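All remarks here apply to the structure that follows.
First the proteins, then the strands, lettered A, B, ... as listed; each starts at 1. The figures here come from the full heavy-atom set of this structure, side chains too, leaving out hydrogens, waters and symmetry mates. The model shown is predicted, which means the values in this text are computed figures rather than measured ones.
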Number of protein chains: 2
Amino acid sequence: MFSPDHANYPNTGRFLAGRLRHEMSEDERAGLETLVSEVKDHKNGDRLIARGDTCNHSTMLIEGFTLRTLEADDRRHGVSFHVPGDFIDLHCFTLKKLDHNIDCVGPVKVGLVPHEAIADVMKDKPHLARLLWFSTLLDAAMHREWIFKLERLTTPKRIAHIFAEIWRRLQMVGMGFDDGFETPLRQSDIADMCGATAIHTNRALSFLREEGIANFQRGEVRIKSRERLEAFAEFSQDYLYGDGDLSLAGDGIKAA
Amino acid sequence: MFSPDHANYPNTGRFLAGRLRHEMSEDERAGLETLVSEVKDHKNGDRLIARGDTCNHSTMLIEGFTLRTLEADDRRHGVSFHVPGDFIDLHCFTLKKLDHNIDCVGPVKVGLVPHEAIADVMKDKPHLARLLWFSTLLDAAMHREWIFKLERLTTPKRIAHIFAEIWRRLQMVGMGFDDGFETPLRQSDIADMCGATAIHTNRALSFLREEGIANFQRGEVRIKSRERLEAFAEFSQDYLYGDGDLSLAGDGIKAA
DNA sequence: CGAATAGTTGAGGCTTCTCAAGGTACGTGG
DNA sequence: CCACGTACCTTGAGAAGCCTCAACTATTCG
């Protein structure tokens with residue numbers, strides 16, 4: 001169902017894998033790969049971009065895991081996360097100044113894409129431009145699901161929802177295992193994404209462990225039954241626009 | 001600071017007012033106005049679009065107020081709202097099937113924009129296309145602020161935050177008053193946007209009234225001190241990309 | 001005027017927070 | 001190999017926020 005062109009396109013081969021990558025021509029895939037002008041490595045805790053920075057390039061996440069965060073007082077809040085293949089801050093091409101930070105969790109490899117290169121795509125390759133737009137709209141759809149989740153679910157269910165989302169998104173880009181996944185996230189990172197304290201998050205994780213829903217231990221997440229996890233979390237993958245009810249397969253974006 | 005071209009462009013004159021409208025040429029303004037192929041009226045409670053609908057047009061909100069909602073069991077949750085001038089579901093041009101509903105609150109007038117017309121813009125008017133993209137990214141930025149708000153604030157502060165946002169957004173498009181604003185929202189709608197019960201929302205509104213922060217009574221919102229309201233709500237208008245720290249004024253989108 | 005919608009109030013219970021104290025894994029230097 | 005430091009995780013207890021159930025009141029509209 002997914003085909004991470006990772007061998008052919010080491011920097012961008014995971015972009016939109018499991019979503020609309022099947023709509024990209026070889027020409028577009030190759031064109032996208034050439035947008036990356038520079039590859040950089042970062043370490044755990046690095047802040048790739050800080051709120052308010054003016055940027056003239058955008059960032060493709062090649063390896064690793066990042067968080068989008070907002071801060072107030074001394075508390076950090078997570079508003080979304082990224083897995084390899086995500087165009088982390090494509091929106092800053094258009095917004096110019098970002099409203100949030102991008103923080104590395106664990107070691108990270110990114111590809112930099114100059115904004116002039118994206119402007120050329122806008123001008124000359126409307127179909128690829130539309131796919132780039134699509135990827136920013138996916139972000140927005142995920143944000144909406146998070147809002148829904150925060151309005152509706154208790155902390156244990158929020159955590160289960162995050163696990164379900166990470167697992168699905170990793171698998172879409174050819175990562176993750178049949179019985180779970182690995183992540184550099186610590187309990188406090190999960191707390192930041194749930195709007196809960198680290199202490200309460202710890203208790204909620206114990207609960208998930210005791211109930212046999214998900215076993216999180218220092219970044220190793222083992223899940224016995226995806227069905228049970230997703231039911232508990234009231235999770236449905238539709239909003240990821242992969243295989244669910246809202247899937248675009250066979251009905252996708254026609255050349256603009 | 002804002003100039004709602006409402007007289008010249010009755011259907012689209014509020015689009016991006018107070019944000020990047022000043023960057024639109026007369027040509028682009030006129031072109032945008034002609035995108036609207038049909039104007040429709042709706043009444044309170046109408047569902048303009050339901051989750052999963054396939055759409056071949058997008059919707060400009062001309063008059064009135066709408067909510068984006070997601071439902072589960074018998075509970076409705078609000079993930080964002082729209083004021084006149086908002087391109088409510090521009091993203092369905094690219095996503096094709098929406099992940100959420102659009103519900104009318106009070107009487108509503110909308111303009112329909114066929115997707116072929118938007119595709120032409122993508123092909124022939126890259127700068128206008130980029131402004132359309134920008135408007136969907138504004139949505140995403142507002143979503144992120146909501147996530148932050150839900151993770152961080154108690155119900156009284158969430159409500160104050162919503163009031164602060166509505167007020168600012170109305171003023172950007174030339175609506176709203178110096179001492180508050182009017183809205184067709186009921187207490188239960190506010191509850192849906194806060195992830196709280198209507199009962200708790202009622203108590204929180206009483207609290208805001210007693211404290212003199214905001215007086216909400218059947219859609220009339222009176223606010224003595226914007227400063228006090230925004231401080232209480234930990235609200236900063238930056239994320240609306242109007243006048244705040246992230247403002248693009250004088251530094252906006254160059255022709256692509 | 002009556003019905004329907006919208007808003008208000010009270011009491012008991014669950015969820016989450018705060019403050020405070022321990023426990024465990026893992027790397028570094030002796 | 002052990003001692004120690006640091007980051008991460010765990011546990012307990014009391015308080016605050018929010019929910020549910022169950023009334024009751026006010027406003028709007030036919």
Could you check how far [atom1] of [X] sits from [atom2] of [N], rounded to whole Å?
{"X": "B:E151", "N": "C:dT16", "atom1": "CD", "atom2": "P", "result": "14 Å"}
{"X": "A:L150", "N": "C:dT16", "atom1": "CG", "atom2": "P", "result": "12 Å"}
{"X": "B:L205", "N": "C:dA6", "atom1": "CG", "atom2": "P", "result": "15 Å"}
{"X": "A:K157", "N": "C:dT16", "atom1": "NZ", "atom2": "P", "result": "11 Å"}
{"X": "B:R158", "N": "D:dG17", "atom1": "CZ", "atom2": "P", "result": "13 Å"}
{"X": "B:F207", "N": "D:dA16", "atom1": "CZ", "atom2": "P", "result": "14 Å"}
{"X": "B:H200", "N": "C:dT16", "atom1": "NE2", "atom2": "C1'", "result": "13 Å"}

Got a sec? Which of residues 208-220 of chain B come in under 4.0 Å of DNA chain C, heavy atoms?
-> B:R209, B:R218
Name every residue in residues 184-196 of chain A that has at least one heavy atom under 4.0 Å from any atom of DNA chain C, in order of residue number, or write none if there are no such residues.
-> A:G195, A:A196
Heavy-atom donor-acceptor pair, A:R203 side-chain to D:dG12 base, under 3.5 Å = yes
Can you tell which of A:E71, A:R47, A:R68 makes a side chain to side chain contact (heavy atoms under 4.5 Å, CB included) with A:D103?
-> A:R47
Derivation and outcome, side-chain contact (heavy atoms from CB on, under 4.5 Å), residues B:L48 and B:H42 | CA-CA 8 Å; B:L48 283 183; B:H42 289 274; 3.2 Å; yes
Taking only side-chain nitrogens and oxygens of B:N202, does any of them come within less than 4.0 Å of OP1 or OP2 of C:dT8?
-> yes
Compare the minimum distances between each of C:dC17, D:dG17, D:dG12 and the side chain of A:T197, then state the nucleotide with the smallest one.
-> C:dC17
Out of C:dG7, C:dT16, D:dC19, minimum distance to the side chain of A:T155 belongs to C:dT16
For A:Y239 and A:H143, indicate whether the former's side chain and the latter's backbone hold a donor-acceptor pair under 3.5 Å.
-> no
Backbone of B:L153 reached by a side-chain donor or acceptor of B:R158 within 3.5 Å = yes
Considering residues, nucleotides and ligands other than A:E227, do more than 12 of their heavy atoms fall under 6.0 Å from its CD?
-> no
Remember a base hit wins even if backbone is also touched, and classify B:I199 as base, sugar-phosphate or nothing at under 4.0 Å, heavy atoms.
-> base
Are B:R169 and B:F81 in a cation-pi contact, defined as NZ or CZ under 6.0 Å from the six-membered ring centre and within 45° of the axis?
-> yes
Is the closest side-chain heavy-atom distance between A:I166 and A:F65 below 4.5 Å?
-> yes
Steps toward salt bridge (charged side-chain N to carboxylate O under 4.0 Å, His left out) verdict (A:K40, A:D46) = CA-CA 12 Å; A:K40 274 197 171 177; A:D46 282 3; over 6 Å; no
Please confirm whether A:H100 and A:H77 have ring centers closer than 6.0 angstrom.
-> no
